[in-house]
Engineer: 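Just dropping this structure here.
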Amino acid sequence: MEQFVFWCIAIFIVLSAFFAMIMKNIFHCALLLAAALFGVAGIFVYLGAEFLALVQVLIYVGAITILIIFGIMLTHKMMDSKIIVMNKQVVMSAVITGVLGTLIILTIYSTAHWILPALKNSESGYLTHSITTASVTKNKKVVTDVYTLGPALINPKKGFAFAFELVSILLLSVLIGATVIARKDQEG
Amino acid sequence: MFSIAWWIPLLPILSFITIVLFTKKSKLISSGISILVMLTCFIFSIMIFIRFLSLPLSARPINFSVPWMIISSLHLNIGILIDPLSINMIVLVTFISLLVQIYSLGYMKNDPRFSVYFSYLSLFTASMLGLVLSNNYLQLFIFWELVGLCSYLLIGFWYFKPSAATACKKAFVVNRIGDFGFLMGIITLGLTFHAFDFQAVHQKIALGLNNGVGSTAAITLIALLLFCGAVGKSAQFPLHVWLPDAMEGPTPISALIHAATMVAAGVFMIARTYQVFSASTVAMTTVAYVGGFTAIFAATIALTQDDIKRILAYSTLSQLGYMVLALGVGGYTAGMFHLTSHAFFKALLFLGAGSVIHSMETNDIWKMGGLLKKMKVTGITFLIAALSISGIPPFSGFWSKDEIFDAIQSSHVQGHQILLGIAIFTAFLTSLYMFRLFFVVFLGNGHHEEDSHENHAIHESPWTMLVPMIILAFMSIFFGMINAPHLGLYSKFIYYGSHPQKAPFSIKMVLISSLVATSGIILASLFYWQKVFSAKAVANAISPIYTLLKNKYYIDEFYSFLAKYFVFGLAALCAWFDKYVVDGGMVDGSGKLICAFGRGLRKIETGKIQNYALVIFGAIAVIYLIMSF
Amino acid sequence: MIPVQDFLYLAGLIFSIGVFGVLSRRNAISVLMGIELMLNAVNINLLAFAKFWGWTTLNGPVFVVFIITIAAGEAAVALAIFISIYRKFKDINVDEIKYLNH
């Protein structure tokens, strides 16, 4: 059952993503992208990261997709269906992407032989026996909730406090920068 | 005390700089500085001379050396070598230069570039002084080139005259040919002996000869290449062509060039590097024959020329030939003695000619005549100089020429009898052309008498011009006597080897040379004074020879021919090669190749970001493929 | 229990689709969408491996947080640039905007 649902979500994500990349109407593309990202949030739940799934839905589905739709509406004649959406190198890029994707999947397949034994040997299916020191592993059900992520982010000794602050500065500059760039020029 | 020798070349250089930079505006200050500096240098030279005489032989020569560049094992020095030879030269050069500068005060009085002229004179003299005081070959070469440069500047001083501009170029280019040989000689010498200092090199040559180590072939090569430089600078055949043309410069410059500063450099160089020359019999013989040939060759040309300065120029060639001949036959003392005495009377001849030209404003001897009455001092001093150069006893030219004859007679050079014959015949020709000049200019009746306007212009020159001439006349009379037999002061001072050696004095030789000189004068007087014979008739009788002489053996034409068909042809070939093979094939070709590559490569520079991304991902895919197998 | 390589297969597919979009779409906004897909594929990978190692450290989830944040910022700036470009060229097709081309 678990497997089945996972694969349903996976197929859903892949299909929406694929169509999001080939559809002619860019508005539809944006909606399909939102669907795909929503699916990804579901995968996050499967991975045991409920908080991140929530963040994914909020930011990706809620914010970025809406931003993209805004962008589309500001820059496009949506109903124009005669637009050629693909550039001239589409065949070449399809070939390269195909080769690349095949190679990735083949690589994962060929490395599975050292993942699978580990799966069988461990209690939970993963390498939990090697985890002894980390306190976060004690409660396996809620490992990535806010209570554990927060300290991990801003703990001055072990966390990413500096990177966190950098990112906040980045967000601030993005806020200002985007405003400045998108603003109309003074002379019109 | 001897360190004041450093100031002798330095002071004129400083005066050159001062005049060029600061006092160019004022004629008085410029010439004053220049003359005072030269006077100081002359006094310094005399002081050094007197002090040097009192030195014991073991303390000679004095060598100041300062390291200049050290390139691994090669030590290049700059320095001053004080020995009898250089003392002779510094006294002579400063003396002549001083007199010429005083003379120029009058001669160049109205020239707008008066100050520049004096600055050039200072630089010229400084170069020559640096040259004669050098203690190594490289320094000698540096000053050698500076002398060449100054002669270029001064010959072309009236650069607005096309003939002067051409003449100075010619002097420079012809000198360059000789200098190339000279430089090659110095390089060969450096490679052979790994030293440039005169004393070090000469010591090595002496050692090498004693041990049988030194390669005679190498020394011969070096000597011949060095001689190339002397041939250029001292205007020996076949590089003599620049000297007659150098007459385009102001006459005092000619006096300076001919007497002390320029052409003497070549002879001086042979004397300075005499150890090299005397180590090679072949080189010595070559030097002797080139000198002898130049002497008679130039004397015959001088017989037919019409330009007063050109006659003097060819006579200089001829006298330089004597000096080189003397050095070639081993007459070291004789050569230098003739150089010194020649400096006095040749300077006097040119100053006299300058005085004549100054008042006549022409160079053509046939337009002059009977000037002795109007220009007494000039005429008499000119006569003294002419007697001196002709070798009439007891004038100084007689003594020095006699030394040369004695040296030739007692030499071991193959065929020295022939050389002696040439020398004596040249002495005859010398007195013939000198008195032809004297009679025509000072006694004959030229065509100017009819023109009253020109007649009016003839006047004696100002005292600034006459005083140097009188001093030089005095020297021309008495200088030679210092080396009279049983006196021999000069021979005791300047000699080659360990002790003075004087060729045996022979009464026979004195008689022959006096007789020959006198007969030349008499013949000249019969033709040009008393008009017993007609020069024109003789010229017509031997018309092919006359034409040949008149046109200076067509050497210039021959060089022009060479230049036109050989040099320009070669140049055209090179130009063609450069244009079509180097430029067209290699330069443009490689450029075109790169352009073609560029045009090809431009196609992938699309400027489209997705193109680049495609290439990046394609490359990743390819690398991935390669890595996974 | 779902084996970890299943997540990796999924992430690989999504990544490839994103690359395809980036390489072949003319519209700049579509390119941006492709980039978002690629980033999401990476996120899945990070979390999958974090879980695979049994949450030994929280570096994976923390990086996911950063990536999401930066992706949001990137989208904001990119769209601002698109709007600005659109004003100038009346077009945001990547292959027709030729500022880079000589």
Side-chain angles (χ1 to χ4, degrees), chain A residues 13-14 17-30 32-33 36-37 40 64 67-68 71-72 74-76 80 82-116 174 177-178 181-182, chain B residues 20-22 24 69-72 568-629:
Chain A
I13 295 172
V14 170
F18 184 68
F19 281 106
M21 288 298 104
I22 62 164
M23 289 284 277
K24 237 173 190 171
N25 190 327
I26 191 147
F27 193 73
H28 294 169
C29 292
L32 281 169
L33 179 74
L37 296 178
V40 172
I64 296 181
L67 205 58
I68 287 173
I72 292 168
L74 280 171
T75 59
H76 266 261
D80 191 353
K82 285 172 197 163
I83 290 173
I84 303 162
V85 292
M86 296 299 184
N87 61 17
K88 286 167 194 163
Q89 59 187 22
V90 60
V91 179
M92 197 61 204
S93 46
V95 171
I96 285 176
T97 318
V99 171
L100 207 58
T102 316
L103 281 170
I104 291 169
I105 286 164
L106 281 177
T107 314
I108 297 164
Y109 182 76
S110 60
T111 44
H113 63 87
W114 58 264
I115 301 175
L116 288 171
V174 162
I181 292 169
Chain B
V20 164
L21 292 183
F22 304 114
K24 220 168 163 180
M69 270 196 278
I70 295 170
I71 306 163
S72 69
F568 291 167
L570 195 66
L573 193 70
C574 289
W576 179 87
F577 185 82
D578 184 58
K579 195 171 174 186
Y580 292 101
V581 180
V582 176
D583 278 3
M586 285 149 77
V587 178
D588 287 0
S590 56
K592 276 173 186 154
L593 195 69
I594 302 293
C595 277
F597 266 118
R599 271 193 292 276
L601 287 173
R602 221 179 81 175
K603 300 231 163 68
I604 61 171
E605 292 289 323
T606 53
K608 290 174 185 165
I609 194 79
Q610 285 174 311
N611 248 170
Y612 300 154
L614 182 75
V615 174
I616 291 169
F617 279 105
I620 291 173
V622 170
I623 293 167
Y624 205 155
L625 268 173
I626 293 168
M627 299 296 280
S628 35
F629 293 115

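Each chain gets a letter, A, B and so on, in the order the sequences are listed, and its residues count up from 1.
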Engineer: Pairs in or reaching into residues 585-599 of chain B: which pass side-chain hydrogen bond (donor to acceptor under 3.5 Å, both in side chains), with residues at least two apart or in two chains?
Structural biologist: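 Every pair satisfying side-chain hydrogen bond (donor to acceptor under 3.5 Å, both in side chains) with a residue in residues 585-599 of chain B: there are none.
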Engineer: Around atom CE of A:Met23, are there more than 12 heavy atoms from other residues, nucleotides or ligands closer than 6.0 Å?
Structural biologist: yes
Engineer: In a table with atom names and distances, give each donor-acceptor pair under 3.5 Å that connects a side chain of residues 574-583 of chain B to protein atoms at least two apart or in another chain.
Structural biologist:
none

Engineer: So with a 6.0 Å cut-off around CE of B:Met586, is the heavy-atom count from everything else above 12?
Structural biologist: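 Counting neighbours around CE of B:Met586, 12 or fewer heavy atoms of other residues, nucleotides or ligands fall under 6.0 Å, so no.
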Engineer: Of the backbone (N, CA, C, O) and the side chain (C-beta and beyond), which part of A:Ile104 lies under 4.5 Å from a heavy atom of chain B, both, or neither?
Structural biologist: both
Engineer: Compile a table of inter-chain donor-acceptor pairs under 3.5 Å between chain B and chain A, counting both main-chain and side-chain atoms.
Structural biologist:
| residue | atom | partner | partner atom | Å |
| --- | --- | --- | --- | --- |
| B:Gln610 | O | A:Gln89 | NE2 | 3.1 |
| B:Gln610 | OE1 | A:Asn87 | ND2 | 2.9 |
| B:Asn611 | ND2 | A:Gln89 | OE1 | 2.5 |
| B:Tyr624 | OH | A:Thr107 | OG1 | 2.7 |

Engineer: By side chain to side chain contact (heavy atoms under 4.5 Å, CB included), which residues pair with B:Phe617, not counting sequence neighbours?
Structural biologist: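 So B:Phe617 forms a side chain to side chain contact (heavy atoms under 4.5 Å, CB included) with A:Ile96, A:Leu100, B:Ile620, C:Val19, C:Leu23, C:Met38.
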